[in-house]
Number of protein chains: 2
Amino acid sequence: MRSKDKTLMAAIERFVCEYADRHGYSPSMQEIADGVGSSKPTVYRYISQMNRDGILEYSGVRNVHSAKDNPSAARVGIPGRVACGLPKLAEENIEEYVKLPVSLFGEGPFYLLTASGNSMIEAGIDDGDWVLVRQQDTAEPGKVVVALIGDEATLKRYYPEPENHRIRLHPENSTMEDIYVDSCEIQGVAVSVFKDLT
Amino acid sequence: MRSKDKTLMAAIERFVCEYADRHGYSPSMQEIADGVGSSKPTVYRYISQMNRDGILEYSGVRNVHSAKDNPSAARVGIPGRVACGLPKLAEENIEEYVKLPVSLFGEGPFYLLTASGNSMIEAGIDDGDWVLVRQQDTAEPGKVVVALIGDEATLKRYYPEPENHRIRLHPENSTMEDIYVDSCEIQGVAVSVFKDLT
DNA sequence: GATTAAATAAAACATATGTTTCATTAGCAA
DNA sequence: TTGCTAATGAAACATATGTTTTATTTAATC
């Protein structure tokens, strides 16, 4: 028994990846065949096999995806920048969406905010940095949260003190005082900071 | 003359976006029609019109993209983590690719490295942070570069001193000394830092 | 070199999708 | 209401794509 051509398999996978990269959508069988110098039926059989083997996913017209790809990208909303303070995380404020790889940042729903002020500099969040926020209304103690204090959304570290019936919101800046509130609305948990170096 | 239904236009655009979001590829005319409660020919005419108007791009089977989308994502290579120092930026070391939105980080080619050590903490780069590097072999003075010193790739701020026929590589850590070399190979320029907060 | 089996590609086929046609419907104005 | 115009959707059509069949080629083995 002759073994199937591993080189052709690799070539197909590479072609599929690069085509998707270039065009933003999958190639057709014919295009793959032309691309790798083979024929449509051969490509078809290979792709079917690779689909069974889990090397790539194939499900109909122009719909092949390499398993190595990271097609699952989380949708991230970017609210319009506001002059001071952080905007409320509301769907209608979203001006733009981008996608971020789940493998790096996990599953959404996410929002991307620009940090203002320097109340969190010791946590590595400087003025102007992007902060990736997972939208959720609860948080584990010690996490950096987007908390609504009065009408303003702020970034603070979250320390509930149930024994004192209050919540401590801790700015990561030794020159600033902790804030104590009876309750506050959590709008999300900071997941990552994007710091521009250019 | 009756004006075309703006609501249907908006519905089609929304459907196209959400479908692409969900499935990772474009819907067919029929699917759009079903989705927005219209018919295939009507959807076809609307999409043709919207294509002419630049509201979305349409180019054949299962290939509609909202202009508001950000289909252009830069391909980013992630070399396997190495124990100490940074790996050489070579294609064969890439174990994984992800995509990052061009609107946030610009055009590639990019590599994503994990920072090790604390020679750049004053630039906001801490041990374990991800560093997004644009691959290029030159850099403007003052930029944070991936420089090959001997056999090891390191992150340093780049200050060429042509008058002294040397290059100063500056660690952003006041406890560390500047490094002077006659020449060094630049492998890329740091574009952004991803700091995990979780 | 002859034999055999697997892989291949050309062609035929089936299906899904896009596109056009055309009769109908819906809205608008006199 | 009546007549007009534009938009619509059902159906017919055209085309692109996927799938199967079948003969051919290729490579390995004896």
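To find a chain, count down the sequence lines: A is the first, B the second, and so on, and within it residues start at 1. Computed from a prediction, not measured in an experiment: that's the story for all the values here.
B:Phe15 is connected to B:Leu8 through a chain of hydrophobic side-chain contacts under 4.5 Å among Ile, Leu, Val, Met, Phe, Trp and Tyr, so both are in one cluster.
When all heavy atoms of A:Glu177 and A:Pro171 are compared, the pair lying nearest together is O-CG, 3.3 Å.
Few gaps surround CG on B:Asn164; more than 12 heavy atoms of other groups in view lie less than 6.0 Å from it.
Sorted by first and then second residue, the side-chain hydrogen bond (donor to acceptor under 3.5 Å, both in side chains) pairs involving residues 29-38 of chain B (not counting sequence neighbours) are B:Tyr19-B:Glu31, B:Ser28-B:Glu31, B:Gln30-B:Asp34, B:Glu31-B:Arg62.
Nucleotide C:dT8 holds its P atom 13 Å from the CD1 atom of A:Ile47, rounded to whole Å. Between the P atom of D:dT20 and the CZ atom of A:Arg45 lies a distance of 10 Å, rounded to the nearest Å. Nucleotide C:dG18 holds its C1' atom 13 Å from the CD atom of B:Glu31, rounded to whole Å. Straight-line distance from the CG atom of B:Asn51 to the P atom of C:dG18: 13 Å, rounded to whole Å. Put simply, OH on B:Tyr46 is 18 Å from C1' on C:dT20, counting in whole angstrom units. Rounded to an integer number of Å, the gap from A:Met29 CE to C:dA10 P is 17 Å. For the pair A:Met9 CE and C:dA7 P, the computed distance is 10 Å after rounding to whole Å. Distance CD (A:Gln49) to C1' (C:dA7): 13 Å, rounded to an integer number of Å.
Under a 3.5 Å cut-off, the side chain of B:Asp127 and the backbone N or O of B:Gly117 do form a donor-acceptor pair. Listed for the A:Asn51 side chain is a donor-acceptor partner under 3.5 Å among the backbone atoms of A:Tyr58. Put simply, the side chain of B:Glu122 gets close to the backbone of B:Ser174: a donor and an acceptor are under 3.5 Å apart.
Below the 3.5 angstrom threshold, one finds no donor paired with an acceptor across the side chain of B:Lys40 and the base of D:dG9.
Regarding contacts with the backbone of C:dA9, a side-chain N or O of A:Ser38 is found under 4.0 angstrom from either OP1 or OP2. Regarding contacts with the backbone of C:dA9, a side-chain N or O of A:Thr42 is found under 4.0 angstrom from either OP1 or OP2. Between D:dA10 and B:Tyr44, no contact under 4.0 Å exists linking OP1 or OP2 to a side-chain N or O.
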Give every pair of a protein N or O atom and an N or O atom of nucleotides 14-16 of chain D that lie under 3.5 Å apart, one pair per line with the distance.
none

